[in-house]
There are 2 protein chains.
Amino acid sequence: MKKIAIDAMGGDNAPKAIVEGVNKAIQSFSDIEIQLYGDEEKIKPYLIESNRVSIIHTDEKIHSDDEPAKAIRRKKNSSMVLAAKAVKDGEADAILSAGNTGALLAAGLFVVGRIKGIDRPGLMSTMPTMDGKGFDMLDLGANAENTAAHLHQYAVLGSFYAKQVRGVAKPRIGLLNNGTEMTKGDALRKETYELLAADTSLHFVGNVEARDLMSGVADVVVADGFTGNAVLKSIEGTAIAITGQLKEAIKSGGWKAKMGAFFLKDSLYDLKNTLDYSNAGGAVLFGLKAPLVKSHGSSDAKAIFHTIKQVRVMLETDLVGQLATAFSKEAEKND
Amino acid sequence: MKKIAIDAMGGDNAPKAIVEGVNKAIQSFSDIEIQLYGDEEKIKPYLIESNRVSIIHTDEKIHSDDEPAKAIRRKKNSSMVLAAKAVKDGEADAILSAGNTGALLAAGLFVVGRIKGIDRPGLMSTMPTMDGKGFDMLDLGANAENTAAHLHQYAVLGSFYAKQVRGVAKPRIGLLNNGTEMTKGDALRKETYELLAADTSLHFVGNVEARDLMSGVADVVVADGFTGNAVLKSIEGTAIAITGQLKEAIKSGGWKAKMGAFFLKDSLYDLKNTLDYSNAGGAVLFGLKAPLVKSHGSSDAKAIFHTIKQVRVMLETDLVGQLATAFSKEAEKND
């Protein structure tokens with residue numbers, strides 16, 4: 001039985017969306033048990049009772065505007081910290097939250113803890129490509145600064161994930177850079193390029209440019225946290241702006257535009273589906289002793305369900321155990 | 001009379017698109033003279049003769065895949081280098097090319113030369129926002145690494161440009177960062193934040209996130225060249241992927257989709273116009289002794305026309321002269 005600790009109070013639609021996602025997951029997967037951390041009174045009305053779901057009541061919660069590190073230190077009884085503690089104490093195997101990202105990262109680092117040999121856990125998400133296959137990118141902003149050694153570790157982590165969870169046989173690793181030639185970039189990129197090229201366990205395909213990410217130029221894209229964060233937010237911002245503009249054009253375009261939109265409905269729906277990658281689950285803080293997944297703050301029940309499904313695959317394939325073995329071997333070699 | 005040196009052989013559609021853009025500009029503006037550098041035989045068939053256009057013949061040209069610095073050193077008689085030399089020698093006031101970006105940047109730095117007091121010229125473009133006003137961003141990749149002092153200079157350069165060329169009375173300056181709080185980012189961002197906040201000549205509005213750029217959160221966005229390049233390419237790539245996906249959906253969507261597209265035609269056209277920012281001109285390598293503008297490699301005659309128009313405004317407002325004065329005062333103060 002896989003035990004998943006869930007922060008029922010995190011995110012814009014908590015606890016309703018969280019609990020409804022849990023209901024669906026419990027019905028779909030017979031091999032999971034869920035611990036819901038949060039306000040029992042507020043959780044119960046939405047919960048379909050099951051002997052595989054328990055509520056651990058707490059009044060305290062971390063708000064989206066709380067200062068992350070401080071919140072983790074001071075709100076010891078918050079739903080998020082209690083869920084992280086459950087993982088630390090072995091009562092749960094993984095943690096999921098749609099709450100304050102910074103606080104969740106801090107809870108991961110300071111409560112759950114790092115795998116030995118991994119210096120700086122990185123935040124990773126599966127992002128959309130036009131062929132529907134998607135790509136994994138990390139670090140998306142868990143760190144403001146990274147070294148070449150960190151980026152090399154991200155390549156290893158991302159490669160494991162793409163193989164085990166997404167079923168990509170031989171994941172193509174790309175290094176995000178400002179040009180595709182091997183001499184491109186700053187000192188960090190040049191050093192990282194050499195490390196990746198020298199690691200025969202990786203299928204390194206060289207530098208990739210941000211322009212080509214959505215064309216599926218690599219299965220795993222490695223970036224420092226600052227650039228990765230900027231690229232993630234640029235893609236999101238552009239997609240939101242364009243689809244928003246399209247909606248606006250239809251709304252203000254009179255009867256012709258409305259008629260057009262009616263006929264185009266199915267095609268526009270396909271486009272929305274390609275861009276909506278919530279069925280790939282949430283963002284993983286990668287390099288911890290247990291799976292920690294951040295679902296988007298605006299997650300609905302469907303997104304929560306898919307994130308639980310993602311966590312389940314990570315547990316089923318013992319991704320963290322495999323990483324721990326791989327990195328402890330690496331650490332021994334370096335001793 | 002404003003004299004503009006144009007590399008007639010650069011870009012995917014050269015010399016046709018270049019010359020046709022020149023024809024239109026000569027008709028529209030009576031106060032410009034244009035020198036066309038390139039293959040006379042190939043230029044002439046497209047050129048409408050005028051006493052304000054001259055052709056300076058050369059057989060040599062720089063290709064899009066030439067190594068930039070090497071090309072500038074070795075191809076002394078290329079259309080691009082000759083155009084840059086004309087500016088250096090005072091025979092022309094500005095240079096425009098749609099050719100090899102790296103080579104043009106190198107020609108700018110090594111042939112045209114920097115304004116005294118400006119350490120690292122930055123590449124700047126006006127990019128689209130959903131309200132149609134646009135924003136200027138720099139550095140977009142002229143440099144792989146930047147210091148806080150460079151970023152401060154970019155803020156000053158961008159502010160001048162937004163005021164003089166785009167007519168923004170009090171340009172809002174934003175620092176691209178991984179969060180809006182003033183404590184966000186790496187050491188470079190924190191140091192830059194302090195420099196920008198302390199400069200009372202700037203209207204600094206704080207940190208901005210890549211997600212909000214297209215919503216028009218600032219008139220000028222300052223970034224290091226590596227991140228700026230990644231953000232520019234992310235926005236481009238996402239826009240191309242989404243509009244491509246939409247076209248594909250319409251094409252493969254059967255008669256309903258085609259009918260929808262027909263009715264939606266005007267609205268889709270508006271969307272395309274919002275995203276197409278070629279009427280704002282090309283990318284400026286900012287901080288040189290003369291305006292140097294890079295038109296997109298795929299520029300058509302219309303884009304070339306708009307870039308000439310942009311160069312004309314830069315000359316009319318004596319942007320470079322004003323910058324030189326401002327930075328020489330700055331240099332004196334620091335002496």
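Naming: A, B, ... by sequence-line order, numbering from 1 per chain.
- For the set A:Ala239, A:Ala241, A:Gly185, A:Gly244, the entry with the most heavy-atom pairs within less than 4.5 Å of chain B is A:Ala241.
- A side chain to side chain contact (heavy atoms under 4.5 Å, CB included) with A:Met137 is found for one member of A:Leu123, A:Val220, A:Leu213 and no other, namely A:Leu213.
- Interface summary for chain A: among B:Gly225, B:Ala230, B:Gly179, the most heavy-atom pairs under 4.5 angstrom belong to B:Ala230.
- Salt bridge status for A:Asp219 with A:Arg166: absent, with no side-chain N to carboxylate O gap under 4.0 Å.
- Among A:Lys184, A:Glu209, A:Glu248, A:Gln245, the residue making the largest number of heavy-atom pairs under 4.5 Å with chain B is A:Gln245.
- Only the side chain of B:Asn229 comes within contact range of chain A, judged by heavy atoms closer than 4.5 Å.
- Counting only N and O atoms by type, the side chains of B:Asp136 and B:Thr126 include a donor and acceptor under 3.5 Å apart.
- For a residue to count as touching a neighbouring chain, one of its non-hydrogen atoms must lie under 4.5 Å from one of that chain's; by this rule A:Ile242 touches chain B with backbone and side chain alike.
- Taking the ring axis of A:Phe204 as reference, the NZ or CZ atom of A:Arg172 does not stay both within 45° of it and closer than 6.0 Å to the ring centre.
- Within 6.0 Å of the CD atom in B:Glu194, the count of heavy atoms belonging to other residues, nucleotides or ligands does not exceed 12.
- With respect to chain A, the highest number of heavy-atom pairs below 4.5 Å among B:Leu176, B:Asn177, B:Leu232 belongs to B:Asn177.
- Counting heavy-atom pairs closer than 4.5 Å to chain A, the top-ranked of the candidates B:Ser215, B:Ser234, B:Ala144 is B:Ser234.
- Electrostatic pairing of B:Arg114 and B:Asp119 does not count as a salt bridge here, judged by no charged N lying under 4.0 Å from a carboxylate O.
- A:Arg120 and A:Asn143 share a side-chain donor-acceptor pair at under 3.5 Å.
- For A:Met130, the parts lying under 4.5 angstrom from a heavy atom of chain B are both the backbone and the side chain.
- Contact of B:Ile235 with chain A is made through backbone and side chain together, with heavy-atom distances under 4.5 Å.
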